[in-house]
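The structure under discussion appears below in the form of structure tokens.
On a predicted model such as this, the values are computed, not experimentally measured, just so you know. Every number for a ligand or one of its atoms is a count from 1 in the order of the listing.
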Amino acid sequence: MKSNDWDVLISSVQIQEAIRKLGAELTEIYSGKKIVVIPLLKGGFMFAADLVRSMGIDLQIEFLGAASYGEQTRSSGEVRLTLDTTLPLADRDVLLVEDIVDTGLTLAYIQQLIRSRNPASLRTVVLLDKKTRRQVDVDLHECVFSIPDRFVFGYGLDSPGGFGRNLPDIVALKD
Ligand code: IMP
């Protein structure tokens, strides 16, 4: 894919500035606590890597992986767990970090899975929200950017061909 196939929707400068702000807010919210941060793979890895470095508290990191079957630019809502945590989550303060919420089906599935393990608390932060596409209600504590219904990639998210996760900006495919 060539750079004239997409538009920059959110620049790396805007992303980094917003994440520094969110990191400072979370540092205050979790002050004095030892939390478990769970990036949801694959797309959440880059957001989580920057977010944890902007948080000045003790934390552990676990990973969950999810994938949904579907067409290249639309998820089917049928979610598969591709990677599970290794530490027990019972009585822990859990911060789930996700790249994008579209229909909400992936997040609803993952939140239900985490809640079934009886954490002391669960907070979900999401980088991108495609609000107009929501099919189920999900608890979003912080959403960094609301975006229109366009297929986006970069900054951890992949393009239909599976590439593009390493772009520093979030870009949208031209129609
Ligand atoms: P949902 O279950 O429909 O909310 O979809 C969430 C998942 O679909 C995300 O974790 C992404 O992996 C993927 N996804 C949804 N929209 C996009 C997009 O615009 N670009 C890349 N991945 C997307």
Side-chain angles (χ1 to χ4, degrees), residues 1-12 14-16 18-19 22 26 36-52 61-85 89 94-117 122-175:
M1 199 172 298
K2 303 175 299 295
S3 61
N4 53 1
D5 292 337
W6 68 74
D7 306 309
V8 173
L9 201 65
I10 309 169
S11 73
S12 63
Q14 288 173 288
I15 298 169
Q16 295 306 326
I19 291 179
L22 177 59
L26 292 169
V36 184
V37 177
I38 305 183
L40 187 57
L41 302 181
K42 297 175 186 172
F45 79 97
M46 203 172 281
F47 174 35
D50 283 335
L51 185 61
V52 292
I61 301 193
E62 283 288 308
F63 295 99
L64 277 173
S68 69
Y69 301 98
E71 299 162 27
Q72 287 199 313
T73 60
R74 290 282 182 233
S75 71
S76 64
E78 194 181 330
V79 183
R80 277 178 306 140
L81 195 68
T82 56
L83 180 71
D84 205 346
T85 55
L89 302 178
V94 174
L95 177 66
L96 178 63
V97 181
E98 165 68 315
D99 54 353
I100 185 165
V101 192
D102 186 17
T103 62
L105 292 162
T106 305
L107 200 52
Y109 175 89
I110 293 295
Q111 286 180 334
Q112 191 182 24
L113 177 83
I114 295 175
R115 286 204 184 98
S116 73
R117 296 176 181 179
L122 172 61
R123 176 175 287 269
T124 303
V125 296
V126 168
L127 184 66
L128 305 171
D129 186 3
K130 280 190 199 171
K131 272 203 180 70
T132 55
R133 297 251 314 143
R134 197 73 89 256
Q135 286 178 21
V136 288
D137 270 343
V138 280
D139 284 339
L140 291 187
H141 296 94
E142 280 93 13
C143 159
V144 183
F145 300 104
S146 284
I147 60 165
D149 181 15
R150 290 181 69 184
F151 188 84
V152 295
F153 61 99
Y155 194 69
L157 292 95
D158 65 338
S159 68
F163 290 91
R165 292 190 195 273
N166 56 327
L167 292 175
D169 305 312
I170 292 163
V171 304
L173 269 186
K174 284 184 181 159
D175 297 327

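Residue contacts with ligand 1 include Lys130, since one of its heavy atoms falls under 4.0 Å from the ligand. Residue contacts with ligand 1 include Gly104, since one or more of its heavy atoms lies under 4.0 Å from the ligand. Distances from ligand 1 to the non-hydrogen atoms of Phe151 include at least one value under 4.0 Å. The closest approach between a heavy atom of Arg150 and any atom of ligand 1 is below 4.0 Å.
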Quiz item: Could you go step by step and tell me if Leu26 and Arg123 meet the side chain to side chain contact (heavy atoms under 4.5 Å, CB included) rule?
Solution: CA-CA 10 Å; Leu26 292 169; Arg123 176 175 287 269; 3.9 Å; yes
Quiz prompt | side chain to side chain contact (heavy atoms under 4.5 Å, CB included) between Leu128 and Ile10, intermediate numbers included | solution = CA-CA 10 Å; Leu128 305 171; Ile10 309 169; 3.7 Å; yes
Quiz item: Passes salt bridge (charged side-chain N to carboxylate O under 4.0 Å, His left out), Asp99 versus Arg165? Steps please.
Solution: CA-CA 11 Å; Asp99 54 353; Arg165 292 190 195 273; 5.6 Å; no
Quiz item: When you look at Leu64 and Asp84, which way does the side chain to side chain contact (heavy atoms under 4.5 Å, CB included) test go after all the steps?
Solution: CA-CA 5 Å; Leu64 277 173; Asp84 205 346; 3.4 Å; yes
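Each of the following atoms of ligand 1 lies closer than 4.0 Å to a heavy atom of Thr103: 1 (P), 2 (O), 3 (O), 4 (O). In summary, the atoms of ligand 1 found under 4.0 Å from a heavy atom of Asp99, numbered by their order in the structure, are 9 (C), 10 (O). Near Glu98, meaning under 4.0 Å from any of its heavy atoms, are these atoms of ligand 1: 10 (O). The Leu157 neighbourhood of ligand 1 comprises atoms 20 (N), 21 (C), 22 (N), with distances under 4.0 Å to a heavy atom of that residue. With ligand atoms numbered from 1 in the order given, ligand 1 contributes 6 (C), 9 (C), 10 (O), 11 (C), 14 (N), 15 (C), 16 (N), 17 (C), 18 (C), 19 (O), 23 (C) to contacts under 4.0 Å with heavy atoms of Ile100.
Results of the side chain to side chain donor-acceptor pair (under 3.5 Å) test with Thr124 over Glu98, His141, Gln111 single out Gln111 as the only residue that passes.
The shortest N/O to N/O separation between Asp102 and ligand 1 falls below 3.5 Å.
Not a single salt bridge (Lys or Arg N to Asp or Glu O under 4.0 Å) links Asp137 to another residue, sequence neighbours left out.
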Listing, residues 39-51 side-chain donor-acceptor contacts under 3.5 Å, not counting sequence neighbours, or none:
| residue | atom | partner | partner atom | Å |
| --- | --- | --- | --- | --- |
| Asp50 | OD1 | Arg53 | NH2 | 2.9 |
| Asp50 | OD2 | Gln16 | NE2 | 3.0 |
| Asp50 | OD2 | Tyr155 | OH | 2.5 |

